[in-house]
Amino acid sequence: MSEQAASGGEWVLIGLDEKLARKQGVPARIPVPKKDFEGLADKGLSIEQMRKWVAAFMQVAPSNSGWRSENAALVKSYEAFMAKADLWNKAQASFAKGDMKGAIGTLRMLSNLDPNDHASKLNLASALANTGDYPGARKHFEAIQETFGDDADFHVAYANVLLSLNEREPAKGELVLALEADPSNQAALDALKGLGVLIAIYDDPRDAASLTYVRTDSVLAYLEELWKTAPRDVTYWLDQINYHELEKRPQVVLAAATRALESGLDDARLVVAKINALRDGGDAAAAVALAKDYVAKHDGEATAHVQLARALADVGDGDGAHAAIERALAIDPGDLMALDMRFWPRDRHDLQQVLEAIPPLTAHADKHPNVAGVLRSLARAKLITGNSDVAFELFEKAVSLAPQDDDLRAEWWGELARLRHFELVIADAAKLTDLGKRDWKLRWNEAEAFAGLEKKMEAQAAFAAINRDESLHVDVRKRAKRAASSVGGTPDGG
């Protein structure tokens, strides 16, 4: 900002940054009474104050004809600035009434009156975009692009116009410029996510504050750098694996499992995750090799043989897959995945095929009447065929055989709730003295049962407790918060 004396030394002309002046639609040089100049830095300079000073200055400037002729362009800008006051008020009044046509007409007059008033042109461009005149809006956005080059909101607004004109690549460029101006601009981040340029991921699936946006083609590179920043335990790696498995990112899962195993951690779940990631990523041969190595080291574990069977099935080795499944069931007759591969049809929605699968599955259950997994699998088949009473008896017996299997109990409760037997869910829940420490799916089923019975306070409290559980994935907690709101109120009054 620069200044010089004018009109007998009673006024000081302050020079504004030209880009800032265009942004605000004000003259590039503003007259300030000399007595007010010293305190200007503390008080600031509002547009209304500028207009008052310009009006006062214009009352004395004409008496100095030499100054007026020498500064004709400046005088003209002052006259335009004063004339725009009523038009600005008129435009704002039109916006307030929802009269978009009237507002656009007034803004056109403002822009014509003062071509350097880029604030008016920005409002005009936005108004035209709101009425669907995207070519007209684009014209005005382009005219003021240099002035608002450091304004993130400008780039987002312009990008939306370009997207409406189906010009995706230029729109992406504007959104990138928005993030350069403001890296935290949520509208730009969301738009780039919608365009597939960015992807939202959690650094820590349990921490909502760890949400970040990464280029879609750089997710793995970003995470690999993150993983290097500190030593990681098995829990951390399994959290990462489970999260990215759900998000269907096999390459990330493969990298996480590989890094965890190479760090010296010895956990079968890591090996299983790596085998599955290889299979999901299309490297069937590598999956078979790893599964065979897994079986060689853990021949007495059903899971190892199941993983080998799945990998062999992928490469078309049906006999080898069948032999591996038979070995898995010999070790653990109730392994659900082995039971699925051995007895269930590929199309679980084909009623006839499921009916045909029930006799051999029932025969297997007769041989292993006290194995929870077998009863659970048979219960699933009975539900599909409509025999819910028998299915629930099988589920209940299976739960009695494996009372600590929360996943099994959650499935039983979920099926009861699906058929609106909410009172049975609540009755079984009442038997558990440690429900608050059990798997979140059990707690969720209890909450839904309360809601189904119109016990809104109990349902809200149960959902709120899940929302407060920081050990859970952030998306689960968000769902719980929404569920608490849906049954009346919000958790913790929030």
Side-chain angles (χ1 to χ4, degrees), residues 183-184 189 193 198-283 286-298 301-304 306-308 310-311 337 404-407 436-441 443-444 466-480:
S184 64
L189 291 169
K193 178 185 173 186
L198 297 180
I199 189 169
I201 64 172
Y202 291 105
D203 289 352
D204 179 355
R206 300 174 191 261
D207 182 6
S210 71
L211 182 68
T212 189
Y213 289 78
V214 182
R215 284 188 61 92
T216 304
D217 58 2
S218 303
V219 173
L220 181 55
Y222 169 80
L223 288 170
E224 286 181 328
E225 289 301 313
L226 174 69
W227 294 339
K228 293 177 183 177
T229 59
R232 311 295 186 178
D233 60 13
V234 170
T235 300
Y236 175 88
W237 288 116
L238 291 176
D239 279 349
Q240 291 285 307
I241 286 167
N242 292 335
Y243 169 46
H244 292 291
E245 278 182 339
L246 288 172
E247 298 296 328
K248 301 191 183 305
R249 299 180 190 128
Q251 295 306 316
V252 174
V253 175
L254 177 60
T258 300
R259 184 177 289 271
L261 290 167
E262 289 178 349
S263 72
L265 295 173
D266 183 15
D267 191 299
R269 292 170 293 181
L270 297 173
V271 180
V272 170
K274 185 171 182 178
I275 294 171
N276 288 332
L278 288 168
R279 293 178 59 244
D280 293 340
D283 195 346
V288 170
L290 183 57
K292 286 182 176 179
D293 181 67
Y294 183 24
V295 167
K297 296 176 181 177
H298 302 274
E301 296 179 10
T303 299
V306 169
Q307 294 305 317
L308 177 58
R310 297 178 73 194
M337 197 170 293
Q404 298 305 311
D405 188 338
D406 286 353
D407 191 63
K437 299 178 182 179
R438 305 290 282 265
D439 188 275
W440 71 270
K441 292 188 291 294
R443 291 177 277 156
W444 190 284
I466 297 172
N467 171 245
R468 292 192 299 268
D469 188 346
E470 295 184 356
S471 70
L472 299 178
H473 188 295
V474 64
D475 285 344
V476 172
R477 292 161 58 197
K478 286 180 180 178
R479 284 175 52 204

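Bear in mind the structure is a predicted one, so any value in this text is a computation, not a measurement. Values below: every heavy atom of this structure, side chains too, minus hydrogens, waters and symmetry copies.
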Task: For Tyr213, ring-ring contact (aromatic ring centres under 6.0 Å, His included) partners two or more places apart - done: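 Per chain and number, Tyr213 pairs via ring-ring contact (aromatic ring centres under 6.0 Å, His included) with no residue.
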Task: By ring-ring contact (aromatic ring centres under 6.0 Å, His included) - contacts of Tyr294 (at least two apart) - done: His298
TODO: Identify whether the distance between the nearest side-chain nitrogen and carboxylate oxygen of Lys228 and Glu225 falls below 4.0 Å.
DONE: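 Yes.
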Task: Arg479 and Asp475 ion-paired at < 4.0 Å - done: no
What distance separates [X] [atom1] from [Y] [atom2], expressed to the nearest 0.5 Å?
X      : Y      : atom1 : atom2 : answer
Leu290 : Ile275 : CG    : CD1   : 4.5 Å
Ile199 : Ser218 : CD1   : OG    : 11.0 Å
Leu220 : His244 : CG    : NE2   : 9.5 Å
Tyr243 : His473 : OH    : NE2   : 5.5 Å

Holding to side chain to side chain contact (heavy atoms under 4.5 Å, CB included), I want the full list of residues that pass it with [X], two or more places apart in sequence or in another chain.
X      : answer
Ser210 : Tyr202, Asp203, Asp204, Asp207
Arg310 : Asn276, Arg279, Val306, Gln307, Met337, Met341
Arg269 : Val234, Leu238, Asp267

If I compare all heavy atoms of [X] with all of [Y], which pair ends up nearest, and what's the gap?
X      : Y      : answer
Arg477 : Asp469 : CD-O, 3.1 Å
Thr216 : Val219 : O-CG2, 3.7 Å
Trp237 : Ala256 : CE3-O, 3.6 Å
Ile241 : Ala273 : CG2-CB, 3.6 Å
Ala480 : Asn467 : CB-N, 3.7 Å
Asp407 : Lys441 : OD1-CE, 3.4 Å

TODO: Answer yes or no: does atom NZ of Lys292 have more than 12 heavy-atom neighbours from other residues, nucleotides or ligands under 6.0 Å?
DONE: no
Task: Greater than 12 external heavy atoms within 6.0 Å of Asp217's CG - done: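 Counting other residues, nucleotides and ligands, CG of Asp217 exceeds 12 neighbours.
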TODO: Report yes or no: does Asp280 contribute a side-chain atom to a donor-acceptor pair with the main-chain N or O of Pro250 at less than 3.5 Å?
DONE: no
TODO: Could you tell me whether a side-chain N or O of Asp406 sits under 3.5 Å from a main-chain N or O of Asp439, the two making a donor and an acceptor?
DONE: yes
Task: Non-neighbouring partners of Thr235 that pass side chain to side chain donor-acceptor pair (under 3.5 Å), sequence neighbours left out - done: none
